[in-house]
Participant: 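Shown below is the structure under consideration.
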Number of protein chains: 2
Amino acid sequence: MRIALDAMGGDFAPKINVDGAIEALRGSPDLELLLVGDQSQIEAQLTDAGYSGERLSIVHSDSHIGMDEKPMDALRKKPGCSIATCWKLMAEKAVDAVVSAGHTGGVVASGLQTKLFLKGVKRPGIAVVLPTLQGRAVLMDVGANPGARAEHLHQYAIMGAIFARDVLGIENPRYGLMNIGSEEGKGTEAVLETHDLISRSNMPGQYVGNVEGRGLYLGEADVIICEGFVGNVVLKVSEGMASMMMKTISTSVLESLENEKTHAQKAFHGLKKRFEYNEVGGAPLLGVDGICMICHGSSDARAIRSALSTAAMLHEKKINSKIVEHLGT
Amino acid sequence: MRIALDAMGGDFAPKINVDGAIEALRGSPDLELLLVGDQSQIEAQLTDAGYSGERLSIVHSDSHIGMDEKPMDALRKKPGCSIATCWKLMAEKAVDAVVSAGHTGGVVASGLQTKLFLKGVKRPGIAVVLPTLQGRAVLMDVGANPGARAEHLHQYAIMGAIFARDVLGIENPRYGLMNIGSEEGKGTEAVLETHDLISRSNMPGQYVGNVEGRGLYLGEADVIICEGFVGNVVLKVSEGMASMMMKTISTSVLESLENEKTHAQKAFHGLKKRFEYNEVGGAPLLGVDGICMICHGSSDARAIRSALSTAAMLHEKKINSKIVEHLGT
């Protein structure tokens, strides 16, 4: 399988991308990577890392979208930027997947410009995997499609359930609609209409109806569907809250200890990893004809390697064929 | 000051309400309470608690809205239910405030039916106080007004800032709009329009523009404004996440310890209180002509007492006059 990696994406690019790429190549003998970005910077990193270049090639791009740029403006000004080049490679079938830790809005906007949608899909959406009290849950969409319409949300339920089943290995996933009450007949028009669409159609998994915010981390469903504004706010609120709670709890608990501080410190260190996004390794933009993994801007090499292996898994499990097949029924 | 307390509200009614009422009366010599609900049940609780009944009277109501009822249906069927009676007492100026741990939707719907709005206010909204890395922040609205329009959000910014300043004691509060990007020009139409309204008007506090979800718990603003669907989801996601993190972290950290488990347990116990809503003691429904405090369904007596004292503070600080005055400028 061939993946285009946006070498210029993320807060610590290109280093983390080059390092993550090398780690991934060492672990997967069938992987080929195209590193897209500034050739001399990438070469310097490869030399630093002492990598021979096997199964890795560089596609030069002389610009990239900065983390604080407006994506649409940036894409107009820099049509040949690294992420646009990645998508172009996928549109030309030169690669099977695109992975980027760059500006999420930029990755999505650039993808939408290629109109590289799966057959039958109306709008792609980002699915993120979150830790819950029961295991893991998929939240979709977390920002590709703010103000999503019912027909989009309906497709997100299908795509999210197939992803949970085939990639996360959750047999017969329970999926629900994020809502502000659990009773039927509650919610926005889009949510009510989505409920109707779901009730009328053949769906993968098991529909559990409305899920309130509380249910997300308590694990009341394996897949929770919402429009992109709500999903994005929830994802980022969660990040801030995890950070706030880890700081507050560790300070207070460590202060209470005398001789066993080091034991607790180790435990906190392990937990920090669990609540961080690096471990999960990126969120797929589902619904595109190809594979796109979006990584957190603060990703490290390990997160990039993990996103590359999730991309490989999406490819291997033929998620896209299953989505197309399901949408066609 | 006189407060009508919905004695039948909450998962543990009427006990927690009667106990909370007695605690509040013991602490505030100027307080008078009207306990609204089933007279015999309330009397039995008062007898149990050994309270003489000083500054406390019972207003009988033979029904209440159950936690799993649809508020509008319940209000139609039971026009004399406890919460509707509380609002009626406030509309008749028999009390200055209403406090309830009952069905939030029921408290709001019953209040909206009375149309007891402050002069100039278009729609009341619920303001909740959350712990942050820097102290506390107000999130408004958390569910009274899903799909709020810009003119509502604009007023929430004013009301939220006045509440943060005069009740929480935050001098010159920083307020911002919950959005999915921090750059200007980002967001839904309602958010963009709210930005324009704020920029054109005389506002209390200091406007910090868009705040992303992450900023809520990191304390990037003292007041964050959003429409009720987003706010409600954020509030409930936070509850679920706090619960999930406390369980996961305490299990893992306590397992790592040998001799100092009890020390850490005490610290966790203290933290649990900090992240629980009982301490904060209810959320004001701002914008009504009177005072309405909405408590969490799982409130205990302490939370009820705390909500009663916040109601007293809103009264004492003349929040409503300040809001009306500001809206009139």
Side-chain angles (χ1 to χ4, degrees), chain A residues 68-70 105 131-133 143 146-147 178-183 185-188 212-220 226 228-230 232-250 252-260 263-264 266-268 270-271 274-275, chain B residues 68-70 105 131-133 143 146-147 178-183 185-188 212-220 226 228-230 232-250 252-260 263-264 266-268 270-271 274-275:
Chain A
D68 48 4
E69 286 190 84
K70 290 191 186 179
T132 76
L133 211 48
M178 180 72 92
N179 209 334
I180 59 173
S182 53
E183 61 272 41
K186 186 96 196 176
T188 61
E212 288 190 78
R214 207 178 287 120
L216 173 61
Y217 287 105
L218 301 184
E220 288 175 12
C226 58
F229 191 97
V230 167
N232 189 272
V233 168
V234 164
L235 180 65
K236 288 178 181 164
V237 162
S238 301
E239 277 183 40
M241 189 174 194
S243 168
M244 185 269 287
M245 286 190 72
M246 282 301 292
K247 273 185 198 148
T248 312
I249 297 175
S250 61
S252 167
V253 171
L254 291 173
E255 264 173 16
S256 80
L257 300 174
E258 281 168 36
N259 304 316
E260 298 189 337
H263 295 74
K266 264 190 207 155
F268 278 115
L271 287 159
R274 179 155 172 190
F275 294 123
Chain B
D68 47 4
E69 286 190 83
K70 289 191 186 178
T132 75
L133 211 48
M178 181 72 94
N179 210 334
I180 58 172
S182 53
E183 61 273 40
K186 186 98 196 174
T188 60
E212 289 189 77
R214 206 178 287 120
L216 173 61
Y217 287 104
L218 300 183
E220 288 175 11
C226 58
F229 190 97
V230 167
N232 189 273
V233 168
V234 164
L235 180 65
K236 288 177 180 164
V237 162
S238 302
E239 277 184 41
M241 188 175 195
S243 168
M244 184 270 285
M245 286 190 73
M246 283 301 292
K247 274 185 197 148
T248 312
I249 296 175
S250 62
S252 166
V253 171
L254 290 174
E255 265 174 16
S256 80
L257 300 174
E258 281 169 35
N259 304 316
E260 299 189 338
H263 294 73
K266 265 190 207 155
F268 278 115
L271 287 159
R274 180 157 172 186
F275 294 122

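Below, chains carry the letters A, B, ... as their sequence lines are ordered, and counting in each starts from 1. Note that the structure is a prediction, hence the values are computed from the model and not measured.
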Participant: How close do Gly240(A) and Leu218(B) get, counting heavy atoms only, and between which atoms?
Facilitator: O-CD2, 3.8 Å
Participant: Show your working on side chain to side chain contact (heavy atoms under 4.5 Å, CB included) between Val237(B) and Met241(A) and close with a plain yes or no.
Facilitator: CA-CA 10 Å; Val237(B) 162; Met241(A) 189 174 194; over 6 Å; no
Participant: Counting only heavy atoms closer than 4.5 Å, note whether Asp68(A) contacts chain B via side chain, backbone, both or neither.
Facilitator: neither
Participant: Considering only heavy atoms, which portion of Glu258(B) lies under 4.5 Å from any heavy atom of chain A: side chain, backbone, both, or neither?
Facilitator: both
Participant: So, do Val253(A) and Val253(B) sit near enough that their side-chain heavy atoms are less than 4.5 Å apart?
Facilitator: yes
Participant: Relative to chain B, which segment of Ser250(A) carries a heavy atom at a distance below 4.5 Å: side chain, backbone, both, or neither?
Facilitator: neither
Participant: Mind checking the NZ-CG spacing from Lys236(A) to Asn179(B)? Nearest 0.5 Å is all I need.
Facilitator: 9.0 Å
Participant: Report the option among Gly270(B), Ser252(B), Gly147(B) that has the most heavy-atom pairs separated by less than 4.5 Å from atoms of chain A.
Facilitator: Ser252(B)
Participant: Sort out for me which of Glu255(A), Arg214(A), Glu212(A) touches chain B most, counting heavy-atom pairs under 4.5 Å.
Facilitator: Arg214(A)
Participant: Identify which part of Leu216(B) has an atom lying under 4.5 Å from any heavy atom of chain A, answering side chain, backbone, both or neither.
Facilitator: side chain
Participant: My understanding is that only residues two or more places apart in sequence, or in another chain, count here; which of them pass salt bridge (charged side-chain N to carboxylate O under 4.0 Å, His left out) with Lys70(B)?
Facilitator: none
Participant: Show the nearest heavy-atom pair for residues Leu133(A) and Met244(B), with the distance to one decimal.
Facilitator: N-CG, 3.6 Å
Participant: Under a 4.5 Å cutoff for heavy-atom pairs, which residue among Met246(B), His263(B), Lys266(B) has the most contacts with chain A?
Facilitator: His263(B)
Participant: Closest heavy-atom contact between Met178(B) and Phe229(A)?
Facilitator: O-CZ, 3.6 Å
Participant: Which one wins on heavy-atom pair count under 4.5 Å against chain A: Thr188(B), Thr132(B), Asn232(B), Leu254(B)?
Facilitator: Asn232(B)
